[in-house]
Amino acid sequence: MFKTITGNKASLRLITLNDATKYKQWVKDEEVTKYSLSKWQKLYTPQQINDWLNKIVLEVNSINLAVIDKHSGDVIGHAGISAISQANRSGEYFIFIGEKSFWNKGIGTEVTRLVVDYGFRALHLHRIMLTVSDLNAGGVRAYLKAGFKHEGIMRDASFRDGNFHNKIVMSILETEWQLD
Ligand SMILES: CC(C)(COP(=O)(O)OP(=O)(O)OC[C@H]1O[C@@H](n2cnc3c(N)ncnc32)[C@H](O)[C@@H]1OP(=O)(O)O)[C@@H](O)C(=O)NCCC(=O)NCCS
């Protein structure tokens, strides 16, 4: 049973089908989706978003959370861990702050710390990884600040705006996280 996680700026709760309205706004903004998961590049219509949400709320190897602005109570994004492997005690972190006015306020860094903490503490993961476009300087900076380490480069792993570019692989291990 997931209990809401509360930080200083944002809180996290399980995503619900009612959150679809926000996603329908965010996918229309290319600046928001540009460096996001490739699947976001393929969600255009309200029906596609409903289908996607219906699918992810049932996923057993992922945790999908809505990011809530603590001040207004509004849903401003989506974060979580996918590809959770019980055998390897590993998973892949993702984040998407759909409301652009909330960028560069420290929320991405805080949410990353909260989700990583949940992954190590509640899910007992050993390793959490992520991939980020090398053009996504804000994302890279937020992940480094949250404690992720640079692990390697996936050459030409992303195709955006007619060009291939590299993706950076980052990870953090439970031994690098302060669990008290
Ligand atoms: C990437 C994202 C999660 C970052 O979240 P955020 O709340 O904006 O991040 P934070 O405010 O915690 O930290 C961003 C840091 O990057 C810096 N930064 C932002 N844009 C930058 C740029 N173009 N160049 C260099 N640094 C930049 C900020 O100054 C800040 O660092 P500082 O605190 O040392 O000043 C958010 O912008 C987002 O969701 N974007 C759209 C979707 C996306 O890209 N998802 C990630 C896919 S891997």
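All values below were derived from every heavy atom in this structure, side-chain atoms included, with hydrogens, water molecules and symmetry-related copies excluded. Ligands are counted one by one from 1 in listed order, and the atoms in each one are counted from 1 as well. Positions are given from 1, in the same order as the sequence printed here.
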Practice prompt. Applying side chain to side chain donor-acceptor pair (under 3.5 Å), run through Ser90 and His126 and close with a yes or a no.
Written response: CA-CA 6 Å; Ser90 64; His126 175 69; over 6 Å; no
Fill in: Contacts of Lys149 that satisfy side chain to side chain donor-acceptor pair (under 3.5 Å) - sequence neighbours left out
none
Worksheet entry | Partners meeting side-chain contact (heavy atoms from CB on, under 4.5 Å) with Glu59 (sequence neighbours left out) | Lys55, Ile56, Ser62, Asn64
Worksheet item: Is there a side-chain contact between Phe148 and Val116, using heavy atoms and a 4.5 Å cut-off?
Response: yes
Worksheet item: When you look at NZ of Lys70, are more than 12 heavy atoms from neighbouring residues, nucleotides or ligands closer to it than 6.0 Å?
Response: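 Atom NZ in Lys70 is packed in, count exceeds 12.
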Discussion item. Can you list everything that forms a ring-ring contact (aromatic ring centres under 6.0 Å, His included) with Tyr23? Sequence neighbours excluded, please.
Written reply: Trp26, Trp40, Trp52, His78
Worksheet item: Any idea which residues sit under 4.0 Å from ligand 1, heavy-atom distances?
Response: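 Only Val32, Tyr35, Ser36, Ile95, Phe96, Ile97, Trp103, Asn104, Lys105, Gly106, Ile107, Gly108, Thr109, Thr131, Val132, Asn136, Ala137, Gly138, Gly139, Arg141, Ala142, Tyr143, Lys145 have heavy atoms that fall under 4.0 Å of ligand 1, ordered by chain and number.
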